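This report concerns only the one structure given below.
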Amino acid sequence: MRLSRFFLPILRETPKEAEIVSHRLMLRAGMVRQESAGIYAWLPLGLRVLRKIEEIVREEQNRAGAIELLMPVIQSADLWRESGRYEAYGKEMLRIADRHEREMLFGPTNEEMITEIFRAYVRSYKDLPLNLYHIQWKFRDEVRPRFGVMRSREFLMKDAYSFDLDAAGARHSYNKMFAAYLRTFARMGLKAIPMRADTGPIGGDLSHEFIILASTGESEVFCHSDYLDMPTPPADIAFDDREVMQGLFDEWTKRYAATSEMHDASAFDALSESQRVSARGIEVGHIFYFGTKYSQPMRAVVNGPDGKETPVQMGSYGIGPSRLVAALIEANHDDAGIIWPESVAPFTIGLANLKVGDAATDAACADLYARLEKAGIDVLYDDRDERPGAKFATLDLIGVPHQVIVGPKGLAEGKVEVKNRRTGAKESLSPDEVINRFTA
RNA sequence: CGGGGUAUGGCGCAGUCUGGUAGCGCAUCUGCUUUGGGAGCAGAGGGUCGCAGGUUCGAAUCCUGCUGCCCCGACCA
């Protein structure tokens, strides 16, 4: 992408409403624009990151055996009356009426709808297990939206729903999502620690929150230091092997880890000084096993091997990709701006032409740009007629992991500079070496 | 939902107390000079002062009502 043809509305000053660093940087880098309290437009740069995150989430859901579909954002009130949550959900649910005065709502979550879809088609235990998910916009009318997309009213959520014949099967489904979540966050360069959680309004008796550590996190968390170095489950782990999955779950939950609401000070204090990690955290995922809470009232039943009808055992599993964008910035930034992990970066390379109009730099940049693009690398080519300082500041701000800097001085010796945004390390390489570096 | 604050050009702000027809920095546009860490000079454009009433010869400024947004607390992907 040529920057001169892109839409990147950078702000030099920080809008006053932005309190936390991720919100400030998202506004300054032209990633989002607030349209109303807790409602944001995603500008091109922000959208590229959101899509990268979505794709990682999708790949790991698919790997764990979940199947993608897409449910609507607008739902019927009748569906929610069946489960009893229409009244119970309260003011967080945005209720609307259509032209026929039919009561509708903007979905805050999809347990009812997925259960309705399930019961319409599935009759036999032979069709289980089943795990269906979608990535769709949700609306929860938060009392007090804040922190930009970290706590917004409209937000993107990946929600998966598992269906099993019995509790043991549901447990296995839960464990598979548990493993998928560990992989998902690890691929984004995040250390997400599963912590036992309250089930809240979703209900049920088994639940974990996935918390990433960040100094600006909303909640206080406590955990065993071993969690900082636990190995991520490999891509080819045996998702269908119940014992392997249970073993992984047990390994990841046997040590102390809790948010402040679930904190047990005496258990935590039993750890040695060096084992105690007390930090701030951001919730990026939440998984629940809730049995027949919805299948019972909504009559989602299957015929078991014994010929009897049984309500299915369900679980639900959520990740907020839009919140993750902010969480990733909270965990990856410095004074100059954002530092994207490579897997979610909007562009992999920022190519800066320090002297637009100079025949040599123009030609060198055009050549590098074409060859890197041809190799399938996302390159942002800063071909604007700006001074070098402005280009450095822009690339630092938007956090592109690698900067390739082409100026007359280096080019006179056949060299361009490659700078690593995270480490600040600079190398002087020939254009051919640059191509090899990034295409090898 | 309780408490507090705020609303003036794209962004950040002054002007409001004491009424006289709107200003500064950044950004934008034009020209010249510049060009390895957010350039300099000269010129230009852009604002129903949140909305609706009212007081007054005259309202950004005073009065009344409303709305948006932000912050602090209790709740949440």
Side-chain angles (χ1 to χ4, degrees), chain A residues 9-20 23-24 27-28 30 33-39 53 57 89-93 107-110 135-160 181 192 197-202 207-212 218-219 259 261 282-288 316-327 335-337 352-358 361 382 384-397 403 405-412 415-417 419 424 426 428:
Chain A
I10 298 273
L11 265 38
R12 245 176 112 151
E13 287 170 277
T14 306
K16 63 176 174 182
E17 73 268 17
E19 285 289 306
I20 61 167
H23 192 195
R24 284 203 297 271
L27 291 171
R28 285 201 55 214
R33 176 176 175 77
Q34 181 173 337
E35 293 296 341
S36 184
I39 299 179
I53 291 171
V57 170
Y89 215 93
K91 290 192 164 183
E92 279 211 353
M93 183 150 74
T109 178
N110 285 66
I135 301 176
Q136 178 64 290
W137 294 92
K138 304 289 188 291
F139 193 92
R140 293 183 190 172
D141 202 355
E142 292 276 345
V143 190
R144 189 177 160 215
R146 62 186 129 168
F147 304 145
V149 299
M150 187 82 81
R151 172 164 316 296
S152 52
R153 293 196 293 172
E154 185 177 279
F155 61 97
L156 190 61
M157 182 159 101
K158 183 288 297 180
D159 37 329
Y181 276 34
D198 221 355
T199 54
I202 308 245
S207 176
H208 286 85
E209 288 180 13
F210 287 75
I211 305 275
I212 63 163
E218 278 193 85
S219 43
T259 59
E261 305 93 69
I282 301 169
E283 181 186 348
V284 291
H286 202 160
I287 61 180
F288 303 86
S316 75
Y317 315 89
I319 291 179
S322 52
R323 167 180 283 188
L324 266 170
V325 176
D335 288 345
N353 183 343
L354 294 192
K355 194 166 184 181
V356 170
D358 177 279
T361 61
D382 191 346
R384 298 172 303 166
D385 187 12
E386 289 285 344
R387 298 169 62 83
K391 299 196 175 193
F392 295 137
T394 296
L395 289 179
D396 285 351
L397 174 64
Q403 301 175 3
I405 297 157
V406 181
K409 286 184 189 170
L411 221 46
K415 301 286 189 182
V416 302
E417 185 178 293
K419 180 183 152 186
K426 295 174 182 174
S428 191

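Keep in mind that this is a model prediction, so the values were computed, not measured. So you know, we letter chains A, B, ... as the sequences are listed, proteins then strands, and number each from 1.
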Distance between [atom1] atoms of [N] and [M] (Å, rounded):
N: B:U34; M: B:U21; atom1: C1'; result: 42 Å
N: B:C26; M: B:G38; atom1: C1'; result: 11 Å
N: B:C72; M: B:G65; atom1: P; result: 28 Å
N: B:A60; M: B:G9; atom1: C1'; result: 14 Å
N: B:C49; M: B:G43; atom1: C1'; result: 27 Å
N: B:U33; M: B:C70; atom1: C1'; result: 44 Å

Taking a pair as Watson-Crick or G-U wobble with both distances under 3.5 Å, which nucleotide is matched to [N]?
N: B:U48; answer: none
N: B:U6; answer: B:G68
N: B:A42; answer: B:U30
N: B:A60; answer: none

*Output yes when at least one side-chain N/O atom of A:K158 is less than 4.0 Å from OP1 or OP2 of B:A77, else no.*
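For B:A77, OP1/OP2 do not have a side-chain N/O of A:K158 under 4.0 Å.
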*asked:* If the cut-off is 4.0 Å, is A:T14 near the phosphate of B:G12, judged by side-chain N/O to OP1 or OP2?
replied: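 Checking B:G12 against A:T14, no side-chain N or O comes under 4.0 Å of OP1 or OP2.
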*Pick the nucleotide of RNA chain B nearest each of A:E92 and A:R33; which residue has the one closer to the 5' end?*
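On the 5' side of the pair lies A:R33.
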*Is any NZ, NE, NH1 or NH2 atom of the basic residue among A:R33 and A:E35 found under 4.0 Å from an Asp or Glu carboxylate oxygen of the other?*
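Yes, this pair counts.
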_I'd like to know if A:R24 reaches the base of B:G12 with its side chain such that a donor and an acceptor end up less than 3.5 angstrom apart._
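There is none.
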*Hey, is the side chain of A:E417 pairing donor to acceptor with the base of B:G36 inside 3.5 Å?*
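Such a pair is found, so the answer is yes.
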Side chain of [X] (C-beta onward), nearest among [options]:
X: A:F155; options: B:G36, B:C72, B:A77; value: B:A77
X: A:K419; options: B:G37, B:C71, B:A27; value: B:G37
X: A:R387; options: B:G36, B:U34, B:C1; value: B:U34

*Side-chain heavy-atom pair A:T394, A:E386 within 4.5 angstrom cut-off*: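 No, too far: nothing below the 4.5 Å cut-off.
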*A:E283 near the nucleic acid: base, sugar-phosphate alone, or nothing, with a heavy-atom cut-off under 4.0 Å?*
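Sugar-phosphate: the residue A:E283, judged by heavy atoms under 4.0 Å, touches backbone atoms but no base.
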*Just by distance, do the side chain of A:R24 and the backbone of A:E19 share a donor-acceptor pair under 3.5 Å?*
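Answer holds: yes.
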*Between the side chain of A:K355 and the main-chain N/O of A:P388, is any donor-acceptor distance below 3.5 Å?*
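Judged by distance alone, no pair lies under 3.5 Å.
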_Between A:D159 and A:Q136, a side-chain donor and acceptor under 3.5 Å_ =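 No, no side-chain donor-acceptor pair sits under 3.5 Å.
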